[in-house]
Chemist: 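Quick one: structure below, then a few questions.
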Amino acid sequence: MATGRLGIEETLGALNAALGPGGPVWFKETRARHLRARDFLAPQRALQARFRDGEVPECVFHAVAGLQGPGVAPVLRCARTSAGLELQLQRSAVFERVLGAVADYAAPAAPAAPGSRVLLHCPALRAAPSALRLSQLRAVLVADHLARALHAHGVSVRLVPAVRDRHMSTFLQQLRVDWPVASERAATEALRSRTLAELNPAGDREALPPGVLGNVYLKELVEERGRTAGYDPNLENCLVTEDLLSVLAELQAAVLHWPEVGSLDLAAGGAPDADGCVVVHVVSCEEEFQQQKLDLLWRKLDDQAPLSQKHLVCGPVKVAGVPGTLTAPEYYKYRHAQVCNASALKHSRDLAQDPAWTETFRVLSVATIKFEMLSTAPQSQGEWLLLFNSVLPFPDLLSQTAALDHRAPGLHVTARTETVCKLLVQLSMDFSSYYNRVHILGEPRPHLFGQMFARLQLLRAVCEVLHTGLAMLGLPPLSHI
C-alpha cells in the first residue's frame, strides 16, 4: 500500500497541472449534495476558456483520470458532465490511508523554516482588565491564538508585553490565555539619551509635564517609507514619555535577547540579530494610530530596530445583545451568566454553585467568547464529509493559520485566525449529525466488527483534529469538558 500523507493542496495542484499551462481551474467540493457524486470539479466555463469549445483533449482527460504523485489522493473516476469535469476519489482507499496514519493529519503540512522568529506585541495588555474594551479583548485573543498556531508550525515566538498587573494576569488565566508575566521594567537609559538628541529644539522643555521628555519629528520617516505603505499621513511628531520609552525598551530587549538561540539556524553562529525577526503588532482599530507612532519612533531611536514590522489590526467588535460599553471582565460575566442560565433551564435546577460543574461552566464561557470573537458559524452535513471536509484538509489549514506574509509591501499584515474556529464549528455540526444517525457502538454482530472498527478509527481522527484545534484556542481536550 502507498505511504505518505494525502493532501488536498497536492491533489488540486496535480489536477491543475494535468490540464496544462494556465491558471487554476479545479476546486474542492464541500456541499453534501455535490459530494454524493463528485469530490472535485473543473467548471464548464473555465474549461471553455482553457480549451476550444470546452472540449478537453483525450490525452488530458486520461492524465486527469490516472492522476498519481506524492500526496495525491487516488482517483476512482473522471467524467464529463454538463457542469464540467467531475472527479471522484477512491474513497475506501482514502479512508484506509488517512485512518491508518491519524496523527499525521493533526500536524501542519509545511513546517516553518529553521530559525523562524516572530515577536507578537499586544499593547492592550498594558491596561488594567477593568479598562479593557471588547475590541482590545479581541486583539488579545487573536494574539494568543496566533501564538499557538505559530508554535504548532515550528516558529519560535516571543510575547510582549510581559504582564505586570496581577489583576490582568488573573483575568488572562480565566480566559485560558497563556501569556508571560514580569515584575521589572526594562532599562531605558540608552533610549533616553538618543531621545534627548532627537528632541525638537523649539519650545521650553522645563514647561513640560512630569514624565514627558519632548517631541520627536516623525514626518521624514513617514515620507521616507512612503505613505502608500499604510502609515497615516497625519503622523508628524510623537510626544515621548518615560512610559513610551519603557515600552520601546521592552520590545528592544525581547528582540535582542531571544531565549532560544540554541535552536536557531544561525549562519554566523552568534546571537540572533533584529533583522532576522518579524515583529507583529496586534492592535485594536482604536490603537492603530498610536502604534504607528511607536513603530516609527522605534526605527528612529534604535539603529537595530527590526526592519520587518507589521501591524495586524483587529476591527471593532459588535456582539448581538451585548452593550458596546461593556468592559472585557463584564463581558465574561455576561456570557458566564448566560451559560449558567441555559444549564439551569436544561436541568431544571441551578448548577452554577455545584463544584462538579464550576470548571465546565468556565470553559464553556471562554469557548463561547473565543468562538464569538474569532469566527462565524458555517453549516454542513455526512461520513465522507467528516473526512474530506475536516480531517484531510486540516494539515493545510494549520499551515494557513500560521502564514504571515511579512514580505508583502505595506504596513499591515493579515492573519487567518478564523480558520480553526470555522473548521471546528463545521466539524462539530457534521459529527453531531453523523452521530445522531449512526450508532458507532451498535449491536455487536460479527459481520459488523470490521465496519465498527473503521468507524472507531474515524472517531479517533475526528478527536485528534478537535483536540488539536481546541489547543490552538487555549481550550482543554473534550474529555475535560
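The figures that follow rest on heavy atoms only: side chains count, while hydrogens, waters and symmetry mates do not. Along the sequence shown, residues carry numbers from 1.
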Chemist: Could you check whether Arg176 pairs with Glu359 (Lys NZ or Arg NE/NH1/NH2 to Asp/Glu carboxylate O, under 4.0 Å)?
Modeler: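 Yes.
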
Chemist: Are the side chain of Lys370 and the backbone N or O of Leu175 linked by a donor-acceptor pair below 3.5 Å?
Modeler: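 At least one qualifying donor-acceptor pair exists.
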
Chemist: Are side-chain heavy atoms of Leu387 and Leu99 found at a separation under 4.5 Å?
Modeler: yes

Chemist: Mind checking the NZ-CG spacing from Lys219 to Asn237? Nearest 0.5 Å is all I need.
Modeler: 10.0 Å

Chemist: Yes or no on side-chain contact (heavy atoms from CB on, under 4.5 Å) for Leu312 and Leu146, after CA distance, side-chain angles and deciding distance?
Modeler: CA-CA 11 Å; Leu312 178 54; Leu146 189 56; 4.0 Å; yes

Chemist: Check Tyr105 against Phe394 and note the closest heavy-atom contact, atom names and distance.
Modeler: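 Shortest heavy-atom contact: O-CD2, 3.2 Å.
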
Chemist: Hey, what do you get for CG (Leu424) to OG1 (Thr468), rounding to the nearest 0.5 Å?
Modeler: 9.5 Å

Chemist: Quick one: are Leu248 and Asp302 in side-chain contact, heavy atoms under 4.5 Å?
Modeler: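 The answer is no; the side chains never approach within 4.5 Å.
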
Chemist: What I'd like to find out is whether the side chain of Gln400 reaches to under 4.5 Å of the side chain of Glu9, using heavy atoms alone.
Modeler: yes

Chemist: Taking Thr11 for its side chain and Ala73 for its backbone only, find out whether a donor-acceptor pair lies under 3.5 Å.
Modeler: yes

Chemist: To the nearest 0.5 Å, how far apart are CD in Glu236 and CD in Glu220?
Modeler: 11.0 Å

Chemist: Could you tell me which non-hydrogen atom of Leu297 sits nearest to which non-hydrogen atom of Cys238, and how far apart they are?
Modeler: CD2-SG, 4.1 Å

Chemist: Return the set of residues passing ring-ring contact (aromatic ring centres under 6.0 Å, His included) with His281 (not counting sequence neighbours), or none when no residue passes.
Modeler: His121, His311

Chemist: Would you call Arg126 and Glu287 a salt bridge, taking side-chain N to carboxylate O under 4.0 Å as the test?
Modeler: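 Looking at Glu287 together with Arg126, the answer is no, because their closest N to O distance does not fall below 4.0 Å.
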
Chemist: Let's go through Val278 and Ser308 carefully: what are the C-alpha distance in whole Å and the side-chain angles of both, what is the deciding distance for side-chain contact (heavy atoms from CB on, under 4.5 Å) to 0.1 Å, and is it a yes or a no?
Modeler: CA-CA 5 Å; Val278 178; Ser308 184; 3.8 Å; yes

Chemist: Does some side-chain heavy atom of Pro24 sit less than 4.5 Å from a side-chain heavy atom of Leu12?
Modeler: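 Side-chain contact under 4.5 Å: no.
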
Chemist: Name the residue from Arg299, Gln291, Lys293 that meets the side-chain hydrogen bond (donor to acceptor under 3.5 Å, both in side chains) definition with Asp295.
Modeler: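 Of the listed residues Arg299, Gln291, Lys293, the side-chain hydrogen bond (donor to acceptor under 3.5 Å, both in side chains) partner of Asp295 is Arg299.
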
Chemist: Taking the side chain as every heavy atom from C-beta outward, state whether Leu398 and Met472 have any atom pair closer than 4.5 Å.
Modeler: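 When only atoms from C-beta onward are counted, Met472 and Leu398 do touch, with a gap below 4.5 Å.
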
Chemist: Going from CH2 on Trp298 to CG on Leu251, what distance comes out if it is rounded to the nearest 0.5 angstrom?
Modeler: 4.5 Å

Chemist: Using every non-hydrogen atom in the two residues, find where Phe171 and Leu132 come nearest and quote the distance to one decimal.
Modeler: CE2-CD2, 4.2 Å

Chemist: Does one side chain, of Ser343 or Trp357, offer a donor that lies under 3.5 Å from an acceptor on the other?
Modeler: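 There is no such pair between these side chains.
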
Chemist: Okay, side chain of Lys310, backbone of Gly410: is any donor-acceptor separation there less than 3.5 Å?
Modeler: yes

Chemist: Of all heavy-atom pairs between Leu245 and Arg192, which one has the smallest distance, and what is that distance?
Modeler: CD1-CA, 3.7 Å

Chemist: Mark yes or no for whether Ser246, through its side chain, and Glu242, through its backbone, hold a donor-acceptor pair below 3.5 Å.
Modeler: no

Chemist: Before giving the answer on side-chain contact (heavy atoms from CB on, under 4.5 Å), spell out for Arg335 and Glu372 the whole-Å C-alpha distance, their side-chain angles and the decisive distance to 0.1 Å.
Modeler: CA-CA 11 Å; Arg335 286 292 179 240; Glu372 195 165 47; 2.8 Å; yes

Chemist: Compare all side-chain heavy atoms of Leu125 with those of Pro161 and state whether any distance is below 4.5 angstrom.
Modeler: yes

Chemist: Short question: side chain of Thr241, backbone of Leu244 - any donor-acceptor pair under 3.5 Å?
Modeler: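 Indeed, once roles are kept as given, a pair shorter than 3.5 Å links the two residues.
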
Chemist: Are the side chains of Phe371 and Leu475 in contact, using a 4.5 Å heavy-atom criterion?
Modeler: yes

Chemist: Can a donor-acceptor pair be found, under 3.5 Å and without considering hydrogens, that links the side chain of Asp165 to the backbone of Ala127?
Modeler: no

Chemist: How far does CG of Leu172 sit from CH2 of Trp179, to the nearest 0.5 angstrom?
Modeler: 8.5 Å

Chemist: Taking the side chain as C-beta and beyond, is there a heavy-atom pair between Phe27 and Glu29 under 4.5 Å?
Modeler: yes

Chemist: Roughly how far, to the nearest 0.5 Å, is CH2 of Trp258 from CZ of Arg117?
Modeler: 5.5 Å

Chemist: Counting distance only, does the side-chain N/O of Glu250 pair as donor-acceptor with the main-chain N or O of Ala162 below 3.5 Å?
Modeler: yes

Chemist: Got a salt bridge between Asp303 and Arg194, using NZ or NE/NH1/NH2 to carboxylate O under 4.0 Å?
Modeler: yes

